Structures are given as C-alpha cells and as structure tokens.
2 protein chains.
Amino acid sequence: MKISAQEEYGLRCLVQLATLDEGKTLTLPQIAEREGISSANAGKLMWLLSKEGFVKATRGTKGGYSLARPSDEISLSEVIKVLDADEIDGHCDSYSGVKDSCVHTGDCGIRPVIVGLHEIVQNALSNITLAQLVGSEKKVDERFHRIQGLHSTLNI
Amino acid sequence: MKISAQEEYGLRCLVQLATLDEGKTLTLPQIAEREGISSANAGKLMWLLSKEGFVKATRGTKGGYSLARPSDEISLSEVIKVLDADEIDGHCDSYSGVKDSCVHTGDCGIRPVIVGLHEIVQNALSNITLAQLVGSEKKVDERFHRIQGLHSTLNI
DNA sequence: CCCAATCTTGACTAAAAGGTAATGATTTGA
DNA sequence: TCAAATCATTACCTTTTAGTCAAGATTGGG
C-alpha cells in the first residue's frame, strides 16, 4: 500500500503547473529541472496527463504545458486514478494466484477491507485540490489536517 | 496507491490460520490449496511471516503453521507493515528522481499529503484485527463499516 | 536408526514497473 | 521556406517485484 513513482512524480509535475500565472507554460526541460527528474521521464508523464485531459500541450517555439482546468477544480483523487490505472473493480481478477479466478469469488472476507480502504483513500483525496498543494509545507500541512479533521477521526 | 501481491496473499494466508481451532495447524500445501496459490509461494510468505513473529512453524510429520498470537490481538496495520516493508520515513529518499536527494528537501508541499494519507490508512487498519476478517463477506463488511463509521456500500 | 513429511533457505527465472532514447510531427519566426 | 524549439510516440533497456525450484535441516514414527 504505497504510492507509485508515477503517482508521485506525476502529481509533483502538476503542482508545478499549478503555480503558474494565467497564460504561462512550462517546457519539459523546465518541469524536469524543477522536479529533479529527466526530461524524457517528464515527457512520458505529461504525455499521459495530456491524454487524460489534465494538461494542455502546445508544440513549437514558445510551446509548453499548462493545466487544462483551474487548479482548484482538479482533485487529487482524479489525478491518482489515472496515474496509477487505479481500478478497484479489477482487483479480484489481479489476485487470483495460479488459478483462473480467485478462490474466494462469491464470498470473500478480505474484499470489504480492500474496497473500504480504497474508499477511505479516495474520499480523503477527493477533498484536496491541486491549488491547495501550492505553498509552503507548513501551510499545506495545516490545510490537509483541517480538511481531514485527522485528530477527530480516531475510531468512533 | 494499491495493495501489493505480497500484502494480499500474506494477509489471506493469515486469515486461513485465524480460522483454525486452538492447537490445529495447516501445512504449506493446505494453505496453498485454500488460497489458490503455489506451495512454493505460500512457503515464501509463511517464512517471512514466521521471521516477523506472526506465525509459529513446526517441522516434521504432523508439523505446520499456526498463529503465534491470538487472532484478535493481531491488527492489520502490523501485518501490512511487514508484508510491504512499509516505511514512510524513507519516502523522500525513494523518490529523488535522477538526483541524490529530493529537490524539495526542506520545504515540500506534497509531503504532508503523503504522510497524512499514510496516517489515514494505518489508522483505519489498526482498528481491524485478523479475527474480524473471519466470516462471511456480509458480516465482515458490516464490521468494517461500523468500525470506520461509514455507510455500508455492499449491495446484497 | 532410517525414512517420510515438513519447514528453511538461497539461487534462479519471469513479469511488471520504471525509465531512456531515438525518431517523427507541429509550430514559430527569421 | 527553412531551421530551431517543442511535444508525441514507440521501441528498448533497467530495476524491482513476484514467483519457482532444488537442496538442506528438523521432526516424528516405525
């Protein structure tokens, strides 16, 4: 249960675009520089994000990338979903061991936990937008904890 | 953000042991059979879980595996932690791109979200024990949602 | 004591994820 | 028109994760 490289770097690249003023863009080398990754890797990530409609790309001199929508209208749950090909529906097909289908198909004691956990994570992420990740760590941390009410969600 | 094969199968094997009566054990072929995985794979998982103190192994005829502690004293957060080598502390070292250290070291707008998400997941898992995963899907689902304080989403 | 059942362990192979490189397509501006 | 800057796409390589295999060690029973 951990964040994949694609999720981490993809999200970070989007946050860079979220810091831009209206009309400004960043090129692949600029994004790569700011996130400490290679241009090739940034290119792959932006290609995916462009394909999925999160960023707008313009080619040629003066080209670059910008967000396709306002940063305060893009939730992290949407982003994570496409960056990780996150499909809870296909879960049981992915973990069928050496069999063609999972032995627990029909009645499974684990599934509620897997599905429930996924809900909890998606729910938390759906309350955060890219815009809220722009700023100092201290500020973002305060926002996150206020939004999640983390200290009050301890077992009911 | 998804569960790894080792987490999934490891957890499932433990649940099998949790169904056993006091003093009973399961052999590798029996565990493998019940979870639809190979004996070799079950062997690797049980070796890890044994090393980490979750299960007791006895060799020789009449040997097999059993839980090292009562199933209602083993929380999923502990289990997941060892099955996935889950270390949030090392996160920033793992995602430093092509650099030696992450470019955001010192002040990072993403870290609060990563750390917070990890807390949320661990918190949810720490409230569930192996014992609570034994039973029908319907029962387990009810337990999970009662514990987490969410509305049931299972359509039965 | 010896054999069969069982776990243990490390090396090996296979599959998936992560990342790179090279080539092609589009745009701008001299 | 042409060259430079930029994104797009696909093929390839590397690393990590997943899974298998075979030889070894331990235990219990005859």
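Heavy atoms only: backbone and side chains are in, while hydrogens, waters and symmetry mates are out. The chains referred to below are lettered A, B, ... by the order of the sequence lines, with proteins before strands, and numbering in each begins at 1. Since we're looking at a predicted model, the values are computed, not measured.
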Whole angstrom value for the distance that separates P of D/dT17 from CD of B/Glu7 | 12 Å
Would you mind telling me which residue lines up with the more 5' stretch of DNA chain C, A/Ser39 or A/Arg59, judged by nearest nucleotide?
-> A/Ser39
C/dG19, C/dC7, D/dT20: which one has an atom nearest the side-chain heavy atoms of B/Lys44?
-> D/dT20
Counting heavy atoms from C-beta on, name the nucleotide in C/dT6, C/dT27, D/dG19 closest to the side chain of B/Asn41.
-> D/dG19
Choosing from C/dT20, C/dC7, C/dT8, which nucleotide comes nearest the side chain of B/Trp47?
-> C/dT8
For D/dT6, does either OP1 or OP2 sit under 4.0 Å from a side-chain N or O belonging to A/Thr27?
-> no
Drop me the distance from A/Leu130's CG to A/Glu73's CD, to the nearest 0.5 angstrom.
-> 11.0 Å
B/Ala40 has a side chain; which of C/dT20, D/dT20, D/dG28 sits nearest to it?
-> D/dT20
Pick base, sugar-phosphate or nothing for A/Leu28, based on heavy-atom distances below 4.0 Å to the nucleic acid.
-> sugar-phosphate
Selected nucleotide, minimal atom distance to B/Ala57 side chain, candidates D/dA8, C/dC7, C/dG18 = C/dC7
Nearest-nucleotide wise, let me know which of A/Ser50 and A/Lys2 is further upstream toward the 5' end of DNA chain D.
-> A/Ser50
Decide whether A/His91 and B/Glu8 meet the rule of one side-chain donor and one side-chain acceptor closer than 3.5 Å.
-> yes
Could you please name the option among C/dG19, C/dT8, D/dA8 that lies closest to any side-chain atom of A/Ala5?
-> C/dG19
If you pin A/Ile3 and B/Gly63 to their nearest nucleotides in DNA chain C, which one's is more 5'?
-> B/Gly63
To the nearest Å, give me how far apart CG (A/Leu48) and C1' (C/dG18) are.
-> 13 Å
For the pair made of OH in B/Tyr95 and P in D/dT15, what is the distance, rounded to whole Å?
-> 17 Å
Taking the side chain from A/Arg12 and the backbone from A/Glu35, do they hold a donor-acceptor pair closer than 3.5 Å?
-> yes
A/Leu45 CG to C/dA17 C1', in whole Å, measures 13 Å
Would you mind reading off the distance between A/Lys51 atom NZ and D/dT9 atom P, rounded to a whole angstrom?
-> 9 Å
Winner on side-chain proximity to A/Lys62, out of C/dT28, D/dA18, C/dA5, is C/dT28
Starting at atom CD1 of B/Ile37, determine the distance to atom P of C/dA14, rounded to an integer number of angstrom.
-> 20 Å
Hey, does B/Gly43 reach any base, or is it just sugar-phosphate, or nothing, if we go heavy atoms under 4.0 Å?
-> nothing
Whole angstrom is fine here: how far is it from CG in A/Asp84 over to P in C/dA17?
-> 9 Å
CE of A/Met46 versus C1' of D/dT9: gap in Å, rounded?
-> 16 Å
State, yes or no, whether a side-chain contact exists between A/Thr105 and A/Lys99 at a heavy-atom distance under 4.5 Å.
-> no
Look at B/Thr61 and D/dT27 and indicate whether a side-chain polar atom (N or O) is within less than 4.0 Å of OP1 or OP2.
-> no
Nearest heavy-atom approach of A/Asp107 to B/Glu137 is OD1-N, 2.7 Å
Side chain to side chain, B/Leu76 and B/Leu133, heavy atoms closer than 4.5 Å = yes
Any side-chain N or O of B/Tyr65 under 4.0 Å from OP1/OP2 of C/dT8?
-> yes
